2 protein chains.
Amino acid sequence: MPSPSYVLDQLDYLLLSLVQHDARRPLHELGDEVGLSPSAVQRRLNRLRQRGVIRSEVAVVEPRSVGADLMAVVLVALIDDDAEHHAAFRELMRAEPAVQQCYTIMGQWDYVVVLLASDIAENRRLSARLFVAPGTVRRYETLPAFEVVKAGLTVPLPGS
Amino acid sequence: MPSPSYVLDQLDYLLLSLVQHDARRPLHELGDEVGLSPSAVQRRLNRLRQRGVIRSEVAVVEPRSVGADLMAVVLVALIDDDAEHHAAFRELMRAEPAVQQCYTIMGQWDYVVVLLASDIAENRRLSARLFVAPGTVRRYETLPAFEVVKAGLTVPLPGS
DNA sequence: ACCTTCGCGCAATATTTTTGCATGCCTAGT
DNA sequence: ACTAGGCATGCAAAAATATTGCGCGAAGGT
């Protein structure tokens, strides 16, 4: 489902590198930078959207501005490798707004979860609800974030 | 610098919850959903931008579409807590496009780094360059991601 | 050599954003 | 109670931007 690998040329990469930092720039401005007319730029962007290369365009909200002052990285090990348990846990993660990111990883832990909360108390409540109550988690370790050095979804692009 | 805490009302939260999922919806559409005229919506969004509540608007690129097939979470411990070392390491992380995210954390590790690479070989090259060559890292542990269960920058919003 | 395909620029059109202005609603001060 | 100021709103005009139709030329295949 991601995308069956398509052929993107240098111009596509250039455009992606621009819009992944600022999605609000008008087409003629992007066109000036890459040497294309506005409509050509638009057709390329639409194609990238349609093919799923551009997954979405979103506004990035500063967490601290909306009371999410505590970010934490949580390492999680499930009770066992039962497919049911995994499915249930993943569903829980996807459904929970406080879970910003969740990856299945290899190694001694099963998941890495990035959790946003207003404070320690709420973090504890969330942990209880997400990791303890369901009973599918054997062990979890919370690593509170001290500082966000870098946070983004930007992707390294070939030739740039 | 994030933002000195401002007063956002329910409408602001509503708008944020909409645009943090889709930043391309026209003002009149947002207005219909929250019960405001297009210009009122726009003024609110601009205020949120100016105050830094909306940090940016970006296109989210699907990593696998551009050859970034291997994501890994890397736990890093520095040689020591020297401020110099920390500053250097953080600068390195910020400058490196393959580093998607980087947090300072509390506990036995100093940093969590989310690293994007095309494959294992490139991951090794990156690790060598970022964690070994500089000589500021005592120990690091790479946890390759098996599957991305959830990836986003969306923030939990009060009252929604 | 001819045809087909594809992406381009241009120009017309449609949509969206931006701005100026008048109004109504709070709050605070008299 | 009344008034003045600040503030956010809706509306409408204007500006900017996005979208679409069309013809052209290059690349590749027959």
Side-chain angles (χ1 to χ4, degrees), chain A residues 2-62 65-67 153-155 157-160, chain B residues 3-62 65-67 153-154 157-160:
Chain A
S3 109
S5 166
Y6 261 110
V7 190
L8 307 186
D9 65 13
Q10 202 56 42
L11 285 177
D12 289 317
Y13 288 131
L14 253 171
L15 287 174
L16 286 175
S17 74
L18 293 174
V19 295
Q20 86 170 338
H21 285 106
D22 184 358
R24 275 178 61 82
R25 302 185 57 186
L27 299 172
H28 71 83
E29 219 173 291
L30 299 174
D32 287 347
E33 294 225 17
V34 306
L36 238 61
S37 74
S39 47
V41 171
Q42 197 208 30
R43 282 188 282 253
R44 276 173 182 266
L45 289 179
N46 280 339
R47 198 178 44 182
L48 292 170
R49 290 183 183 112
Q50 196 187 356
R51 291 180 175 175
V53 178
I54 293 179
R55 200 180 349 179
S56 60
E57 281 138 286
V58 304
V60 180
V61 175
E62 169 67 44
S65 299
V66 294
L153 293 178
T154 61
V155 156
L157 295 169
S160 74
Chain B
S3 109
S5 166
Y6 261 109
V7 189
L8 307 186
D9 65 14
Q10 202 56 41
L11 284 177
D12 289 317
Y13 288 131
L14 253 172
L15 287 174
L16 287 176
S17 74
L18 293 175
V19 294
Q20 86 170 338
H21 285 105
D22 185 358
R24 274 177 62 80
R25 302 184 58 186
L27 299 172
H28 71 84
E29 219 174 290
L30 299 174
D32 286 348
E33 294 225 18
V34 305
L36 240 61
S37 73
S39 46
V41 171
Q42 196 209 30
R43 283 187 282 254
R44 277 173 182 266
L45 289 179
N46 281 338
R47 198 177 43 185
L48 292 170
R49 292 183 182 113
Q50 196 187 357
R51 290 179 175 176
V53 178
I54 293 179
R55 202 186 341 185
S56 59
E57 281 137 287
V58 304
V60 180
V61 175
E62 170 67 43
S65 298
V66 294
L153 293 178
T154 61
L157 295 168
S160 76

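Chain naming here is simple, since letters A, B, ... match the order of the sequence lines and numbering starts at 1 in each. Keep in mind the model is a prediction, meaning the values are calculated, not measured.
Side-chain atoms of A/Gln20 come within 3.5 Å of backbone N or O of A/Val155 as a donor-acceptor pair.
The OG atom of B/Ser65 sits 7.5 Å away from atom CG of A/Leu8, with the distance rounded to the nearest 0.5 Å. Here the straight-line distance linking atom CD of A/Gln10 with atom CG of A/Leu15 works out to 10.5 Å at 0.5 Å rounding. In this structure, CD1 in B/Ile54 is found 8.5 Å from CG in B/Asn46, a value given to the nearest 0.5 Å.
Rounded to whole Å, atom P of D/dA16 lies 18 Å from atom CG of A/Leu30. Between the C1' atom of D/dA18 and the CG atom of B/Leu27 lies a distance of 14 Å, rounded to the nearest Å. The distance between atom CG of A/Asn46 and atom P of D/dG21, rounded to the nearest whole Å, is 13 Å. With rounding to whole Å, A/Glu29 atom CD is found 8 Å from D/dT17 atom P.
For B/Arg44, the side chain to side chain donor-acceptor pair (under 3.5 Å) partners at least two apart in sequence or on another chain are B/Asp9, B/Asp12. Taking A/Arg47 as the reference, nothing meets the side chain to side chain donor-acceptor pair (under 3.5 Å) condition, with sequence neighbours excluded. Every residue two or more places apart in sequence or in another chain that forms a side chain to side chain contact (heavy atoms under 4.5 Å, CB included) with B/Arg24 is listed here: A/Arg49, A/Glu57, B/Asp22. Partners of B/Val58 by side chain to side chain contact (heavy atoms under 4.5 Å, CB included), not counting sequence neighbours, listed by chain and number: A/Val58, A/Val60, B/Ser56.
Helix bend of the helix from C/dA1-D/dT30 to C/dT30-D/dA1: the angle between its two end axes, each built from five pairs, comes to 30° after rounding to 10°.
What you find for A/Gly52 and B/Glu62 is that their closest heavy atoms are O-CB, 3.3 Å.
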Could you write out each protein N or O paired with an N or O of nucleotides 8-12 of chain D at a distance under 3.5 Å?
unit_1: D/dA8; atom_1: OP1; unit_2: B/Arg47; atom_2: NH1; d: 3.4
unit_1: D/dT9; atom_1: OP1; unit_2: B/Arg44; atom_2: NE; d: 2.7
unit_1: D/dT9; atom_1: OP1; unit_2: B/Arg44; atom_2: NH2; d: 2.9
unit_1: D/dG10; atom_1: OP1; unit_2: B/Ser37; atom_2: N; d: 3.4
unit_1: D/dG10; atom_1: OP2; unit_2: B/Ser37; atom_2: N; d: 2.9
unit_1: D/dG10; atom_1: OP2; unit_2: B/Ser37; atom_2: OG; d: 2.5
unit_1: D/dG10; atom_1: N7; unit_2: B/Arg43; atom_2: NH2; d: 3.1
unit_1: D/dG10; atom_1: O6; unit_2: B/Arg43; atom_2: NH2; d: 3.4
unit_1: D/dC11; atom_1: N4; unit_2: B/Ser39; atom_2: OG; d: 3.0

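Of all nucleotides in DNA chain C, those with any atom nearer than 4.0 Å to a heavy atom of chain B start and finish, going 5' to 3', at C/dT16 to C/dG20.
Listed by first and then second residue, the salt bridge (charged side-chain N to carboxylate O under 4.0 Å, His left out) pairs involving residues 30-39 of chain B are B/Arg25-B/Glu33 (not counting sequence neighbours).
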